[in-house]
Amino acid sequence: QVELRESGGGLVQPGDSLQLSCAASGQVYNDITVGWFRQVAGKEREFLGVIRWRDNYTYYGDPYGNSVKDRVSISRDNAKNTAYLKLNSLKLEDTAVYYCAVGVDITSSVLGYRTWGQGTQVTVSS
């Protein structure tokens with residue numbers, strides 16, 4: 001079983017960039033995918049992107065449906081078994097709890113991920 005731990009959240013100012021980390025431990029096989037989502041209280045979890053472990057292929061979903069498509073990038077450090085989410089030009093509406101999750105498919109659906117991290121709060125405020 002894979003365990004995930006997000007880090008890097010906190011209070012940031014509008015216009016700043018932020019990089020979140022998702023460290024995977026346990027049974028981390030090469031066939032997994034790691035997705036990033038965020039959630040505002042009272043709203044559905046929003047897909048931000050996913051990276052496939054075996055080849056670092058990334059997918060950011062429908063460009064018309066991804067509200068951060070021009071500002072987000074996902075990467076991975078193979079040696080550290082860690083995925084990263086970088087979000088540029090932060091806006092007040094980026095305030096949310098950010099989650100990473102493990103799946104096996106390239107998908108934007110929360111149903112495609114079986115293990116979730118605890119989430120990390122990002123607050124954008126001046």
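In this chain, numbering begins with 1 at the start of the sequence shown.
- Under the 4.5 Å side-chain criterion, counting only non-hydrogen atoms from C-beta, Ile51 is in contact with Asn56.
- Side-chain contact between Leu85 and Val72 is present, with at least one heavy-atom pair separated by less than 4.5 Å.
- Residues Trp36 and Leu18 fall within the same hydrophobic cluster, defined by Ile, Leu, Val, Met, Phe, Trp and Tyr side chains chained together at heavy-atom separations under 4.5 Å.
- Rounded to the nearest 0.5 angstrom, Thr115 OG1 and Gln1 CD are separated by 5.5 Å.
- In this structure Leu111 satisfies the side chain to side chain contact (heavy atoms under 4.5 Å, CB included) test together with Ser109, sequence neighbours excluded.
- The shortest side-chain heavy-atom distance between Leu20 and Leu87 does not fall under the 4.5 Å cut-off.
- The side chain to side chain donor-acceptor pair (under 3.5 Å) test applied to Gln39 returns Arg45, not counting sequence neighbours.
- Scored by the side chain to side chain contact (heavy atoms under 4.5 Å, CB included) test, Asp70 finds no partners at all (sequence neighbours excluded).
- Residue pairs meeting the side chain to side chain donor-acceptor pair (under 3.5 Å) criterion with at least one member in residues 18-33, sequence neighbours excluded, do not occur.
- Two residues are said to be in side-chain contact when any heavy atoms from C-beta on lie closer than 4.5 Å; Val50 and Tyr57 fail this criterion.
- Residue pairs that meet the salt bridge (charged side-chain N to carboxylate O under 4.0 Å, His left out) test with at least one member in residues 4-23, sequence neighbours left out, do not exist here.
- Without hydrogens or angle criteria, Thr82 side chain to Ala23 main chain gives no donor-acceptor distance under 3.5 Å.
- Residue pairs meeting the side chain to side chain donor-acceptor pair (under 3.5 Å) criterion with at least one member in residues 87-99, sequence neighbours excluded, are Ser17-Asn88, Arg38-Asp94, Arg38-Tyr98, Arg71-Asp94.
- Looking at Tyr59 and Phe47, their side chains come closer than 4.5 Å, going by heavy atoms from C-beta outward.
- For residues 103-126, the ring-ring contact (aromatic ring centres under 6.0 Å, His included) pairs, not counting sequence neighbours, are Phe37-Tyr113, Phe37-Trp116.
- Using a 4.5 Å heavy-atom cutoff, the side chains of Leu48 and Tyr60 are not in contact.
- In the hydrophobic clustering of ILVMFWY residues, with side-chain heavy atoms under 4.5 Å counting as a link, Leu4 and Ile74 come out together.
- Annotation: disulfide bond (SG atoms under 2.5 Å apart) contacts involving residues 23-121, sequence neighbours excluded, comprise Cys22-Cys100.
- Among residue pairs with one or both ends in residues 47-68, those qualifying as salt bridge (charged side-chain N to carboxylate O under 4.0 Å, His left out) are Arg52-Asp55; sequence neighbours excluded.
- In this structure, Lys69 places its NZ atom where more than 12 heavy-atom neighbours from other residues, nucleotides or ligands lie under 6.0 Å away.
- At a threshold of 4.5 Å between side-chain heavy atoms, the hydrophobic network of Ile, Leu, Val, Met, Phe, Trp and Tyr places Leu92 and Val40 in two separate groups.
- More than 12 heavy atoms of other residues, nucleotides or ligands lie within 6.0 Å of CD in Gln121, so this atom counts as buried by the packing criterion.
- Across all non-hydrogen atoms, the minimal contact from Val34 to Ala83 is CG1-CB, 4.1 Å.
- Among residues two or more places apart in sequence or in another chain, the side chain to side chain contact (heavy atoms under 4.5 Å, CB included) test is passed with Arg114 by Ile32, Val102, Val104.
- Using modelled atom types and a 3.5 Å distance limit, the side chains of Ser67 and Glu46 yield a donor-acceptor pair.
- Within the structure, no pair that satisfies the disulfide bond (SG atoms under 2.5 Å apart) test touches residues 40-72, not counting sequence neighbours.
- Every residue meeting the side chain to side chain contact (heavy atoms under 4.5 Å, CB included) condition with Asp105, not counting sequence neighbours, appears here in chain and number order: Thr107.
- By the rule that hydrophobic residues join a cluster once side-chain heavy atoms approach within less than 4.5 Å of another member, Trp53 and Ile106 end up as members of separate clusters.
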